[in-house]
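These numbers were taken from a predicted model, which means no experiment stands behind them.
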2 protein chains.
Amino acid sequence: MFDECLYFNATKFTRLINFFWAEAYRPIGLSPSHAYLLQFILNQPGETLQNLAEKMDLKLSTVTRFVDVLSAKGLVERRKENKDKRECSVYPTIEGKELKTDLDRTSKILRKEIRKILGDKSVSDTVSLLKKFSIQIKIEKERGNNA
Amino acid sequence: MFDECLYFNATKFTRLINFFWAEAYRPIGLSPSHAYLLQFILNQPGETLQNLAEKMDLKLSTVTRFVDVLSAKGLVERRKENKDKRECSVYPTIEGKELKTDLDRTSKILRKEIRKILGDKSVSDTVSLLKKFSIQIKIEKERGNNA
DNA sequence: TATGCATGTTTGTACATGCAACTATTAAAG
DNA sequence: CTTTAATAGTTGCATGTACAAACATGCATA
């Protein structure tokens with residue numbers, strides 16, 4: 001009934017793929033979203049929450065919660081090291097850094113596996129379409145806000 | 001950094017599109033998921049929760065909550081009308097039926113609008129890829145369960 | 001320098017969704 | 001016919017994510 005519906009099919013697919021990703025990250029003890037954020041922080045230590053939110057395309061409040069979680073697990077820490085004392089930069093701890101190899105390996109395996117299951121070209125095509133869509137929708141959203 | 005990642009781009013896109021859909025359904029007073037379920041029930045009254053879950057690709061527990069919400073708003077009702085007294089069938093109430101026109105109109109507008117923004121062919125292509133993916137992932141999931 | 005505006009972060013609250021444990025009922029096997 | 005296993009649904013708890021309001025700090029201007 002909603003066979004042709006982009007919304008229906010996108011949400012459904014996202015739920016399914018999330019299941020896969022969650023399974024892969026379970027041994028590390030992180031949910032996919034948390035794992036991604038940690039991986040980002042490992043690669044670019046010292047970003048402010050604001051920047052993390054932008055780069056990961058999440059809301060600031062969401063990033064706050066995620067950093068809370070990672071921080072509670074002792075994997076990252078906030079530092080108020082800038083002149084502007086409102087900002088805080090986020091750094092991985094030693095424990096966090098120890099997960100880097102596992103995280104990298106897991107994401108590489110997932111990438112390879114999903115492409116094996118779904119087909120290399122299909123995945124690439126879908127990714128570029130989704131990226132294009134995201135940009136276009138954001139533009140449209142801006143337009144809506146200014147109208 | 002996660003530029004080529006299917007998971008990252010799919011979740012991001014889903015968040016964005018959800019925003020759009022939510023806005024469109026707000027005047028009706030329903031979230032997109034609830035609206036979709038109601039629309040389904042309007043088109044196929046009398047399905048059991050189990051069937052609703054299958055057809056909408058949601059978990060039974062999720063459908064239970066959604067029906068709770070719709071039912072609290074007086075839009076649908078559960079009936080224990082089958083010989084198997086565990087089952088209940090879900091029917092729209094008169095108030096629910098009154099929303100049909102609005103729901104149909106909104107979904108038609110959304111479909112048209114999103115295709116105007118993103119391009120007709122891109123949307124169709126993406127939908128068929130996503131559908132194919134969902135099927136393949138479900139097969140893979142089955143295989144995982146039996147292993 | 002005091003006052004008000006802008007900006008970075010946190011927090012309260014809400015919704016979508018799932019899993020696992022529970023209840024109620026039916027079906028199957030002894 | 002009783003015990004056991006399967007099935008339909010519900011519910012407690014958890015996670016992901018957002019919005020809006022609160023809070024804290026810095027900046028600009030009177």
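The CD1 atom of B/Ile94 sits 12.5 Å away from the CG atom of B/Leu75 when rounded to the nearest 0.5 Å. B/Phe13 CZ to A/Lys138 NZ: the interatomic distance, rounded to the nearest 0.5 Å, is 13.0 Å. Atom-to-atom distance recorded for B/Gln39:CD and B/Tyr25:OH is 5.0 Å, nearest 0.5 angstrom.
As rounded to whole Å, 13 Å separates atom P of C/dT10 from atom CZ of A/Arg86. A/Leu16 has its CG atom 12 Å from the P atom of C/dT17, to the nearest Å. Distance B/Tyr36 OH to C/dT17 C1': 17 Å, rounded to the nearest Å. Between the C1' atom of D/dT10 and the CZ atom of B/Arg78 lies a distance of 8 Å, rounded to the nearest Å. Rounded to an integer number of Å, the gap from B/Leu52 CG to D/dG9 P is 9 Å. Spacing between atom NZ of B/Lys59 and atom P of C/dA21 amounts to 16 Å, rounded to whole angstrom units. Note: CG (A/Leu37) to P (D/dT15) measures 16 Å, nearest angstrom. Atom-to-atom, CG of B/Asn82 to C1' of D/dG9 comes out at 13 Å; the value is rounded to the nearest Å.
For the contact set between residues 61-75 of chain A and DNA chain C, defined by any heavy atom under 4.0 Å, the members are A/Ser61, A/Thr64, A/Arg65. A heavy-atom distance below 4.0 Å to DNA chain D is reached by none of the residues of residues 1-13 of chain A.
Here B/Leu60 lies in heavy-atom contact (under 4.0 Å) with a base.
Side-chain atoms of A/Arg15 and base atoms of C/dT17 include no donor and acceptor less than 3.5 Å apart.
One hydrophobic cluster, built from ILVMFWY side chains closer than 4.5 Å, cannot hold both B/Leu6 and B/Ile135; they sit in different ones.
Note: A/His34 and A/Phe66 have perpendicular aromatic rings, judged against thresholds of 30 and 60 degrees for the angle between ring planes.
Ranked by how close their nearest DNA chain D nucleotide is to the 5' end, A/Asp84 and A/Asp57 are led by A/Asp57. Taking the nucleotide of DNA chain C with the nearest heavy atom to each of B/Ser33 and A/Gln50, the more 5' of the two is matched to A/Gln50.
At distances below 3.5 Å, at least one donor-acceptor pair connects side-chain atoms of B/Asn9 with backbone N or O atoms of B/Cys5.
Checking each of A/Leu129, A/Leu130, A/Val123 against A/Thr126 for a side-chain contact (heavy atoms from CB on, under 4.5 Å) leaves exactly one that passes, namely A/Leu130.
Shown here is A/Lys85, whose NZ atom has more than 12 heavy atoms of other residues, nucleotides or ligands within 6.0 Å.
Ion pairing between a basic and an acidic side chain is recognised when a charged N comes within 4.0 Å of a carboxylate O; A/Arg65 and A/Asp68 show no such pairing.
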